[in-house]
Structure formats: C-alpha cells, structure tokens
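Chain letters run A, B, ... following the sequence lines, proteins first and then strands; every chain starts at 1. Side chains are part of it too, since the values below use all heavy atoms of this structure and drop only hydrogens, waters and symmetry mates.
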Number of protein chains: 2
Amino acid sequence: MADGRSSSAHSGENLLFLTDEQLRQGIEAMFFAYRGFTADPDRILSDMAYGRAHHRAVHFINRAPGTTVNNLLNILGVTKQSLNRVLRTLIEDGLVESKVGTEDKRERHLFLTEEGRALEQKLSDAQRARMRMAFRDAGPEAVAGFRMVLEAMMDREMRKAYTRLKDGI
Amino acid sequence: MADGRSSSAHSGENLLFLTDEQLRQGIEAMFFAYRGFTADPDRILSDMAYGRAHHRAVHFINRAPGTTVNNLLNILGVTKQSLNRVLRTLIEDGLVESKVGTEDKRERHLFLTEEGRALEQKLSDAQRARMRMAFRDAGPEAVAGFRMVLEAMMDREMRKAYTRLKDGI
DNA sequence: AGCATATGTCAGTGTTGTTGACATTCCAAG
DNA sequence: CTTGGAATGTCAACAACACTGACATATGCT
C-alpha cells in the first residue's frame, strides 16, 4: 500500500511482508489496536461494578440467545468458576435470565433481559463506532484483508466458533 | 470475500462492509484472534514465574534499548507501580539492566541482558511464527489491509507510539 | 532556595483468572 | 432400579495484574 511494491496475487514474489521486521510491526499493531478496541467499553464499564468479563458474557449471550453455560464456556475460554462469578452478578442484577432446559434439565439457557439488552447496546454501540471509523478510514479492501489475517491467526477451535457465529448456525 | 461484492476502490459503493453485522463480525474477529495472538507466549511464560506483563516489558525494551522508565510507561499505558513490580523481578532475575542516565541522572535507561535477549527471542519466535503463518495464508494485500485497519483503530497517542517504533525514531 | 521531574516503594483494593473439592440434578446404560 | 457420568453450581484459596493514594529520594531547572 504505502510502499511502491505492486500487489500482484502471484506467489513467488519478494515476500517482503514476511520479514521479521514486518512481522514485529504486525505484532505491535495488534497490541496497540487491541488497546483501542477495548478502551471505549472499558470506560463505560468502569463507572459500574462491571468489567471486561461482563461485557464478553453479555455480548455472546446477546449474539446467541438461549446458549448454554457450557457453550459460553467454550467460546470465552475460561473456567466455569470464573464465568459463574460473572453470570451470578449479572443474574442478580437482572441483566441476564437463566432458564432450565426443557429437553435436558441440567442445562441452563441464558437470555438477556430488557435491561441486559440495554447495556449490551450501549457497550456495542461504543465499540462499533470505533470499528466503523476504522473500517471507513481503511476502505473495503483493507477490511477484507483485516478479516482474512485475523481469521488465519485464530486457533482452530476459535476459528470454528467464530465461523459458527458468523454464519448464524 | 465470501460474498459476490466486487471490491472496487471507488467510494459511493454499497458500503456493505459497514453494516452492524459486519462490524460485529469484525469485533468478534478481534476477540478470537487476540486470543490466538497471545496463546503461544502465554504458554511459554506460564512455565516460568512470568506473565504477559513481563513479555510486554521485555518486548519493548528489546525494541528500543536504552529507553527510559517513563517512556516505557507511556507505551505500555500502565501505572508506574504496576510496571515497577514487573521491572523489579526482571532486574532481580538478571534479564534487564537499569543504568543511570548520563545526561539526566534521574532517568534510568533499560537494557536487556544476554539472558533477557534469550527470553525475548524465545517469546517473539513463537509469536512471529503464528503471525508469519497468518500473513502467508492471507497474502500481501490482506496484510496491508490488516495493518491499515489496526492503525485506524488505535487511539491517537498509541498510533504515534506505534509509528515512532515502526520508523525507528 | 524552591519547585518540578523521574523514579522507587509501601499499603490497600478490585477484577479476572486459576485449582481443587464437593454437592446437586439428571440422563442413560446396564 | 442402580450406577456412572455429564452439566451445573458453589465454596475456598490463591496468583497475576491492574488501580489509587501517599510518601521518599535524587536530580534538574529557575
């Protein structure tokens, strides 16, 4: 982009983008960008008694209403004890509703209450606003590349979870 | 990518990449990818008495040898107490050297020892390996887009710090 | 001399993660 | 029907990493 290297899709080109220096810049870009990525929701959350973990839980419950605790556990990649602490406060505060499964009564299906949806909206509005600006500034081709690289960076399992959510399965 | 939308660089196109659904997918991609991004170094660090904070410190000291504590503080965006805890253990363990400044004797300039460079190498090798695979799988155009979007996502200050490091100033 | 800067340190606190142990509930196989 | 295992919840202890607030020391600048 910024340099004069033509971007033909042929393999066997100079591969300058794979030098250690380029890779290190990619690493630092991830580091700094992730800080920006979480900054806005963090600011909102710090005013309440909630943290980033609550945001994640609320996000994925909103994304897949009725999901089970175990499913959420796999997506978030934390221990059940850690998730349970978060879910308990969210349920106590009336943001999340936990319904016993009809088929398998051991399972709990999680839903956002109206209040929960309000918080999710507030948080994701802030995060989407930043993402929208970044996407707009970079343009559609850059966005496609952004997503390709991120997808390739995920662990196998996470890529599956991501694809499942993306395709609404 | 997956859809049939052509990626002309003209503005005034459909802007499908800015829909809330697309933005949400971008958000989730960041979340899952960051997990992969930190997974390999985390595994190495968990065997030692170190954590992600030590990795960050070692990374940026390696990147800008002789940097001051204050400068590192700004890059990492933590409190001096938090950074100090990390630096103290690294210095005690002989991975980092702290030299009193020659011009301004209040400042401490930080350097990696040979042992420190060895750890940095080990950690960044792992992280670069993943980044290299992701870059290779996605291709040079995607990598350019990846970096453009990340850069646009950073906070002002962080973008400055990133650029400064990138350009070796 | 006095104020600001750079750094270090002590004490307390909060969020988020971990492990380990144990109870409850329920499905399913024998 | 009993038993084993799966899904969930809960308690306790602990560690990493961040925070605030207060204070100390050395140095630099005016």
Taking only side-chain N and O atoms of [X], does any of them lie within less than 4.0 angstrom of OP1 or OP2 on [N]?
X	N	result
B:Ser82	D:dC17	no
A:Thr79	C:dT18	yes
A:Asn70	D:dT8	yes
A:His54	C:dT16	yes
A:Arg56	C:dT15	no

In this structure, how many angstroms lie between the [atom2] atom of [N] and the [atom1] atom of [X], rounded?
X	N	atom1	atom2	value
B:Arg108	D:dG28	CZ	C1'	14 Å
B:Asp42	D:dA16	CG	P	13 Å
A:Lys105	C:dA28	NZ	P	12 Å
B:Asp104	D:dT25	CG	P	19 Å
B:Leu83	D:dA18	CG	P	9 Å
B:Met48	D:dA16	CE	P	14 Å
A:Leu90	C:dT15	CG	P	13 Å
B:His109	C:dT7	NE2	P	8 Å

Separation between CG (A:Leu150) and CE (B:Met30), nearest 0.5 Å, reads 6.5 Å
Between [X] and [Y], what is the shortest heavy-atom contact and its length?
X	Y	result
A:Phe17	A:Gln22	O-CB, 3.5 Å
A:Gly116	A:Val58	O-CG1, 4.2 Å
B:Glu151	B:Arg159	O-NH1, 2.8 Å

When the nearest nucleotide of DNA chain D is assigned to B:Lys80 and to B:Arg85 on a heavy-atom basis, which residue is associated with the more 5' position? B:Arg85
Quiz question: going by heavy-atom distance under 3.5 Å, is there a donor-acceptor pair between the base of C:dT5 and the side chain of B:Arg106? yes
Salt-bridge test for A:Arg24 and A:Glu21: reply yes if a basic N is under 4.0 Å from a carboxylate O, no otherwise. yes
Side-chain atoms of B:Arg88 come closest, of C:dT9, C:dG17, D:dC17, to C:dT9
Kindly point out which of D:dT20, D:dT10, C:dT7 is positioned nearest to the side chain of A:Gln81? D:dT10
For B:Ile91 and A:Ala49, take the nucleotide of DNA chain C holding the closest heavy atom to each; which residue's nucleotide lies nearer the 5' end? B:Ile91
Nearest nucleotide by nearest heavy atom, which residue falls closer to the 5' end of DNA chain C, B:Asn84 or A:Val86? B:Asn84
What does B:Arg52 touch in the nucleic acid at a heavy-atom separation under 4.0 angstrom: a base, only the sugar-phosphate, or nothing? sugar-phosphate
